[in-house]
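Below is one structure, written out as structure tokens, with a few remarks after it.
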Amino acid sequence: MGHDTHIHEKSVAQHEFDRRKNAVEMRKQVVNFAIMILFTFIAFAVVVADFSPYFIKPFILLLAAVQVVLQLYAFMHMGEKHASHIGTINTFVWVGAIIAFTVFLCFLTIIWW
Amino acid sequence: MDINTKYTPKTWPDHAEQVTLEGKNKFVGIWIFICSDIVLFASVFATYLALKDSGPSGMDITAKELFGLELAFVMTMLLLTSSLTSVYAMYHMKNFNSKGVLIWMGITVLLGLGFLGLEIYEFYEYTVHEGFGFTHSAFSSAFYLLVGTHGLHVIIGLIWITGLIIRNAKRGLNLYNAPKFFAASIYWHFIDVVWVFIFTVVYLMGVLG
Amino acid sequence: MSSVAIGNKKGFGATLWDYLTTVDHKKLGNMYFFAGLLFFAIAGFEALLMRIQLMVPNNDFVSAGLFNELLTMHGTTMLFLAATPLLFGFMNWIVPLQIGARDVAFPFLNSLGFWLFFLGAVFLHLSFFMGGAPDAGWTSYASLSLYSPGHGIDFYVLGLQISGAGTLISGINFVVTIITMRAPGMTFMRMPLFTWTTLIVGALITFAFPPLTVALFFMLVDRMFGANFFDHTMGGNTIIYEHLFWIFGHPEVYILILPAFGLFSEIIPVFARKRLFGYSSMVFATILIGFLGFMVWAHHMFATGLGPTANAIFAVATMAIAVPTGMKVFNWILTIWGGSIKVTVPMIYALGFIPSFVAGGVTGVMQAVAPLDYQLHDSYFIVAHFHYVIVGGVVLGIFGATHFYWPIMTNRVLNEKLGFLTFWTFFIGFHLTFFIQHFLGLMGMPRRVFTYQGDQGWDLFNFISSIGALLMGLGVIFLVVNMLLSIKSKPLNTSDYWGDGRSLEWALKTPVPFYNFKQTPLIRGYDPYWIEKHEGNKEGMTYAEPVGDIHMPNGSILPLIMSIGMFIAAFGSLYHPDGVSWSVPVIILGIGITVACMIIRSFKDDLGFTVTKEEIIATEESLYGKGGNK
Amino acid sequence: MMKGLKKWRLFSLLAVMTVFLSACGEEYISTLRPAGAVGKEQFNLLLFSITIMALVVVVVSVLYIYAFFKFRRSRQGEDYMPKQVEGSHTLEVIWTVIPIVLLLILAVPTLISTYKLGDVAAMEHVDEDGNKTALTVDVTAKLYWWEFAYPDLGIVTAQELVVPTGEKVYFNLKAADVKHSFWIPSVGGKMDTNVENINKFYLVFDEESEGLKDGVFYGKCAELCGPSHALMDFKVKTLAPEAFDAWVASMQATEGQIASKDSTDLGEATFAASCLGCHAVSSVTGMPAGAAMGPNLTTFGDRSHIAGFLEFNKENLVSWIKDPEEYKPGNLMTGAYKVGNNNPDELSDEEISALADYIMSLSVEK
Ligand code: HEA
Ligand code: HEA
Ligand code: CUA
Ligand SMILES: [Cu+2]
């Protein structure tokens, strides 16, 4: 533990570059956010618009799934390659999701009457 | 790691939240915790779906009649926006702008409070005006427990973030508190993820019947 | 802060304080181990009482109500409060050593996990003195547990909720530790198997405990706050409880057996003097068992009436688990094949384990045959099955590992003669008790019966079974005597006690200093210590860093106080349905204490302390004499 | 040749197993001596799976004992250094594939039987007149006793199930209070009685119970349901179809039978005063299934046991009425009336003795 941090001063160019990079990234996040808002609107809209439930249900579930993936990979940085141990984390999250999904599916299908 | 090391924007490392071992541990730790929370919510969700609309014989309140969309929509917007504001906070953390972190985290808290307020209002309406209390039926128990568990997560998140803001208001960013902010923001996003499912499955699909 | 007080004897008060506040994984390991042993003795004693009651037909040694309490507490205590903590003891002790870490990822949480577990366990056991223990079986199925009068079930729900939170915290802690804190060079595919199984078990805990938490919480609000999850007259459904319980319950049995597999995978290569056969397939099998464990829960519910489709799917899924388990069994056999087997006490446990566990495993597969399980379910056949896998797998694993790691844990050794005596008494007693129960089940004897009428053909077999149980009790007593004798014996001050140690923990000299390795070792392959030994490295290990300052976490009393807060809150909600006026204030008080501790914790930076190079050298000299650890 | 040999071994193993297993247990309770098609099918599955499992255990044990004896250090020499092998792909494949094959072989009969035993479609079949073709019994499990109603025949009984041999008998299973499980070991597997839904399954009874020790098969409650779970037994009387029809007719003939307060028989009068609220003495009650508070006593005189498990004699019956709690802790009859010799509203010894005589005289078979 401990002595793994030493102070390292960036060059001006590097510093400027990093700031720009961060800003670009932030703009991307805003776009992601816009997409999420849009999806939410669409989800509410199709329900209000009263389409056939056979269409609406899978459709809004799909929208929800996409939103969640966006959250996970954009806001929560699951896609960032250099974050520490991110591969392992990805594995854990998806295994968790599969288990959650199995429980869900079973409750909705074979084990319920 | 020395908490007293003063950083400048130029010496502030990339991924400051993950350069120390403690930071890495926090980062991995909050994720593993979220994994376990995923299964927790899955269990509550599955129960809700199994018990939806079921109550004592002759129960007259169903999801279709009970839920409205206006409130849910506003709540969704508040929570989604708070997700974005906490991303802003993390953006400022990258640039070593501790003021920015505090302000945006503060906005996040305000939005979260707004969400919570609406949720409490909603529960109050259902309980008092609709006669749909916690003990009314299996459906009501499942509903309040599902949405309430999410609400509890919101409360914990708010306390956590508020604590971080108060605690670090004066001392600026360092390698000791950066991971804490980061973990709190990831947790906050997760709350949003759960809400996406709640508004879809409980409210939207509830209104469909 | 950096006290180097080792070597000089501490007073009792100081030692106690040390243990109450410690965050050292080794001390917590000791605490888990001895708490687990205590509860093992209690639960084993309960089993003996049950077996005495069942020794002869129409016995009235214990009453019907008391029998159900013993039965419930035996199952609950054994699984949650004996086997799990004993295994946690080994994980705490050994895993950080095996991966070359100074401690676990969250030492504070490690201590919190222990105290939550322990106080939850104490809370559960208070029920015996406060109006009756839980009596609805360890599964506590909803209809009966809602019906059950008194506070027994409330104790069960709250006690398990608290200790379950502790287990979850510790599980996550192990996962993070293993992911982030491995020494340089220790890739995933160089990790010893015990570390691997700990990782997978941590994952299982992460994923399996939440459904239990949810199920117990539903039960809690149903019983104490008027909710209707399981009240069918209000639209509730008791089958939900069964599902949630078994979604947890089945992974739970693998939470128990996988670490035992890991322990045997450490023991066997050492005494066969041969590399573990098929390492990568062992790892793969571990992961697969863990994963499949989540897909089979309904095999406990074949008789519930889920319908043929569900039964068929879950039957086939269950059978699939036999394949990875078989891979492991054959790998162990092939490890001793061509080796040089030395029959020591740990090894004899490993050798006894293989056929016993296989016998238990194959009866599991028979139960997976759904139509056959209609006959076997809830009969003594099931009791035989799970004691075969649990006692023949988990308990033998724990006993074997106790002998195996005793030199590292206590710097003493357990007497070998007494060890063999323990093994044979326990082993023979075990088969005598449980083999015959298969037939009792097939002959129509249901489980969980407090007595039975004579002349149903069960009398003799029950008698034999009870005699076996007494033998097992004798075996446990031998073990305890052996431990007590050993504590009094001379310290070893050695390393690699068994001579053929392979993984990192054997490179350490005992007693292990509080910071473990004074320099973080460099891992150059699977079985790192073996590699160094056979390349003639006199240092013991190659190190990744020079001797330098070591940074260690501070101890804290807060985990204990936080747990006490939860303990107090539990009393409040226990008495809530009685309508006493103080229940809500007590709940608030308890939670308040816990939250206050959290606030104190977060408002005080805990940066740990630094052990300087000089202090390290001084410690080493006081432990091992001039020259330190060589 | 090899194949023939293997088969021969398998069969002899099976034969030995059959002989050994079926020597086990009593005919009226052991799953190893099945007395019906369902039980037989399950017994065959048992034999089949146990054979595979025995094979596995034997193979593992042989390998393991051989390795153990061959490679002892005492034989290898103290300094012997074994070769540090990493593994073997061929072996891995072998011990993955062989278990998979064995399990597939086991899975086939599993799936077939699961669907076969789960098939209750015939319950709904009707003949031209709209009468159900199959016999259905509604089983209601209650705290420590069983009610058996025959909805299509209009009769109810308790504690002793009476069924005809040689046909599929269908069951609707339900619990009235907490979960129980309905199990007749020697006839077939169990099924839970849940509180919120009705489970359906069928059994076949091939043997008449006449010649058995108590003239009945034993049934058990197989789900922990409280203190007296162990005592929640019931009995099964299987009759040839004609005998069954006769039994049904005499049960139906009890319609309207009632205990009268004004009876000269002290037992009957006491019964009417203290017991009739919970116990009916007519098999045709018109009550919905599961509504009765206590077991129907119409056929009490024909029982082989009291309260499902006590030996049937007057002494036991008197003691039971005096203090049911003593026999079945937690049962719901306790405290429903008073026993003693002081007050008029208490049941005196004399009254109880008369009561016992009265209910023992209730019978449709004598
Ligand atoms: C450590 C604990 C442990 C372990 C490891 C297992 C392992 C297994 N268990 Fe067990 N089980 C329990 C603990 C455990 N169980 C408990 C506590 C209960 C009762 C709970 C209660 O009701 O209170 C229970 C109940 C239980 C049931 C429910 C019975 C019922 O109530 O009706 C079933 C049904 O399928 C089952 C199946 C299995 C199977 C298939 C395995 C498999 O994992 C076994 C795999 C191993 C082998 C098969 C042996 C080695 C393999 C080979 C040598 C390869 C070749 C083999 C073949 C081709 C067959 N178990
Ligand atoms: C880890 C799990 C575990 C372990 C190790 C055991 C160990 C034993 N079990 Fe248990 N058992 C369960 C888990 C376990 N069991 C579960 C989950 C159930 C189901 C509960 C339910 O249905 O809800 C069960 C149920 C169960 C039953 C069935 C009860 C019934 O259905 O009616 C029986 C009956 O024989 C039994 C017996 C035994 C015996 C004789 C031992 C022996 O191996 C015990 C050996 C140990 C001792 C005998 C301790 C001796 C110690 C002393 C005597 C004190 C020593 C003194 C000092 C320390 C100073 N157990
Ligand atoms: Cu009814 Cu057990
Ligand atoms: Cu299982």
Side-chain angles (χ1 to χ4, degrees), chain C residues 64-65 68 137 141 143-144 147 232 237-238 273-275 277-278 281 303-305 307-308 311-312 315-316 319 322-323 326-327 329-330 333-334 336-342 351 354-355 358-359 362 366 369-372 374-375 377-378 439 442-444 446 448-453 456-457, chain D residues 24-26 29-32 42 45-46 49 53 56-57 60-61 63-64 67-68 71-73 76 80 82 84-87 91-92 95-96 99-100 103 106-107 110-111 113-115 117-118 178-179 181 185 189-192 194-196 199 220 222-230 309 329:
Chain C
N68 285 356
Y141 273 9
S143 59
L144 179 61
Y147 182 86
H232 68 284
N237 192 309
T238 59
R273 200 177 269 172
K274 186 158 161 285
R275 186 191 151 108
F277 193 86
S281 74
T304 301
N311 283 2
V316 174
M319 289 178 191
V323 176
M327 283 158 77
V329 171
F330 292 115
I333 294 179
L334 261 284
I336 59 176
W337 193 284
S340 162
I341 305 163
K342 184 173 179 191
L351 294 171
I354 293 177
V358 170
V362 294
M366 291 169 67
V369 178
L372 177 54
Y374 301 157
Q375 283 286 21
H377 176 70
D378 264 339
F439 297 97
L442 293 175
M443 281 152 51
R448 295 170 163 179
V449 291
F450 80 95
T451 189
Y452 52 94
Q453 309 300 306
Q456 297 184 87
Chain D
C24 275
E26 302 291 342
I29 180 125
S30 176
T31 68
L32 300 172
Q42 286 159 340
L45 273 172
L46 176 74
S49 58
M53 299 313 150
V56 170
V57 172
V60 169
S61 305
L63 280 176
Y64 150 82
F68 173 57
F71 301 105
R72 297 283 288 269
R73 190 163 301 173
Q76 307 275 60
Y80 173 68
Q84 305 289 313
V85 267
E86 281 195 22
L91 286 175
E92 299 280 357
W95 65 55
T96 312
I100 290 181
L103 291 173
L106 185 61
T110 302
L111 295 186
S113 289
T114 306
Y115 281 99
L117 299 182
V178 306
K179 184 181 167 112
S181 189
K190 63 188 71 62
M191 188 113 174
D192 289 354
N194 295 327
V195 290
E196 56 272 284
N199 274 338
K220 298 271 166 190
E223 183 70 53
L224 182 61
C225 52
S228 287
H229 159 63
F309 76 103

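Numbered from 1 within each chain, the chains take letters A, B, ... in sequence-line order.
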Quiz item: Does the D:Tyr64 side chain pair with the main chain of C:Ile336, one donor and one acceptor, at a distance under 3.5 Å?
Solution: no

Practice problem: Take C:Met443 and D:Glu26 through the test side-chain contact (heavy atoms from CB on, under 4.5 Å) and record every step on the way to the result. | Solution: CA-CA 7 Å; C:Met443 281 152 51; D:Glu26 302 291 342; over 6 Å; no

Quiz prompt | Check: C:His377 main-chain N/O paired with D:Lys190 side-chain donor or acceptor under 3.5 Å | solution = yes

Quiz item: Between D:Gln84 (side chain) and C:Arg273 (backbone), is there a donor-acceptor pair under 3.5 Å?
Solution: yes

Exercise. Report the option among C:Pro308, C:Gly278, C:Gly65 that has the most heavy-atom pairs separated by less than 4.5 Å from atoms of chain D.
Key: C:Pro308

Quiz item: For D:Leu103, is it the side chain, the backbone, both or neither that has a heavy atom under 4.5 Å from a heavy atom of chain C?
Solution: both

Quiz item: C:Gln453 versus chain D, heavy atoms under 4.5 Å apart: side chain, backbone, both or neither?
Solution: side chain

Quiz item: Distance-only, no hydrogens or angles: does the D:Gln76 side chain make a donor-acceptor pair with backbone N or O of C:Ile341 under 3.5 Å?
Solution: no

Practice problem: First locate atom CG of C:Leu334, then atom CG of D:Leu63, and finally report the distance between them rounded to the nearest 0.5 Å. | Solution: 8.0 Å

Quiz prompt | Nearest-0.5 Å distance that lies between atom CG in C:Asn311 and atom CG in D:Leu117 | solution = 10.5 Å

Quiz item: So D:Val85 and C:Arg275, side-chain contact (heavy atoms from CB on, under 4.5 Å) or not? Walk me through it.
Solution: CA-CA 6 Å; D:Val85 267; C:Arg275 186 191 151 108; over 6 Å; no

Quiz item: Checking side-chain hydrogen bond (donor to acceptor under 3.5 Å, both in side chains) for the pair C:Gln375/D:Thr31: CA distance, chi angles, key distance, verdict?
Solution: CA-CA 7 Å; C:Gln375 283 286 21; D:Thr31 68; 5.0 Å; no

Self-check item: D:Lys179, part contacting chain C, at a heavy-atom distance under 4.5 Å
Solution: both

Quiz item: Looking at C:Thr451, C:Val329, C:Asn68, C:Val358, which one has more heavy-atom pairs under 4.5 Å with chain D than the rest?
Solution: C:Asn68

Quiz item: Which distance, rounded to the nearest 0.5 Å, do you find between the CG of D:Asn199 and the OG1 of C:Thr304?
Solution: 8.0 Å

Quiz prompt | Least distance between heavy atoms, C:Ala359 atom then D:Val57 atom | solution = CA-CG2, 4.5 Å

Quiz prompt | D:Gln42 side-chain N/O to C:Tyr374 backbone N/O, donor-acceptor pair under 3.5 Å | solution = no

Self-check item: Top of C:Ala64, C:Ala322, C:Ala303 for chain D proximity - count of heavy-atom pairs under 4.5 angstrom
Solution: C:Ala303

Quiz prompt | Interatomic distance, D:Thr110 atom OG1 to C:Leu372 atom CG [nearest 0.5 angstrom] | solution = 8.5 Å

Exercise. Find the distance between OH (C:Tyr147) and SG (D:Cys225) and round it off to the nearest 0.5 Å.
Key: 10.0 Å

Quiz item: What's the shortest heavy-atom distance between D:Thr114 and C:Ala370, and which atoms?
Solution: OG1-CB, 4.1 Å

Exercise. Using a cut-off of under 4.5 Å on heavy-atom pairs, state which of D:Gly87, D:Ser49, D:Ser181 scores highest against chain C.
Key: D:Gly87

Quiz item: Is any side-chain heavy atom of D:Val178 closer than 4.5 Å to a side-chain heavy atom of C:Tyr141?
Solution: no

Exercise. Taking all heavy atoms of D:Ala230 and all of C:Val449, pick out the closest pair and write down the distance.
Key: CB-CB, 3.5 Å

Exercise. Identify, with sequence neighbours excluded, every residue that meets ring-ring contact (aromatic ring centres under 6.0 Å, His included) alongside D:Phe71.
Key: C:Trp337

Quiz item: Excluding sequence neighbours, so at least two apart, what forms ring-ring contact (aromatic ring centres under 6.0 Å, His included) with C:Phe330?
Solution: D:Trp95

Quiz item: What closest approach, in Å, do D:Pro82 and C:Gly338 show between heavy atoms, and which atom pair accounts for it?
Solution: CB-O, 3.4 Å

Quiz prompt | For the student: nearest non-hydrogen atoms of C:Met327 and D:Thr96, plus distance | solution = CG-OG1, 4.1 Å

Quiz item: With only heavy atoms counted, which part of C:Val369 is less than 4.5 Å from chain D, the side chain, the backbone, both or neither?
Solution: both

Quiz item: Given a strict heavy-atom distance threshold of 4.5 Å, which part of D:Glu92 is in contact with chain C: side chain, backbone, both, or neither?
Solution: side chain

Self-check item: Most chain C-contacting option - heavy-atom pairs closer than 4.5 Å, from D:Gly226, D:Pro99, D:Gly118
Solution: D:Gly226

Self-check item: Minimum heavy-atom distance D:Tyr80-C:Gly339, with the two atoms named
Solution: CE2-O, 4.1 Å

Self-check item: Proximal component of C:Ala312, with respect to chain D [non-hydrogen, under 4.5 Å]
Solution: both

Exercise. Among C:Ser281, C:Pro355, C:Ser143, C:Gly457, single out the residue with the greatest number of heavy-atom pairs under 4.5 Å to chain D.
Key: C:Ser143

Practice problem: Could you tell me the separation between the CD1 atom of C:Ile333 and the OG atom of D:Ser61, rounded to the nearest 0.5 Å? | Solution: 8.0 Å

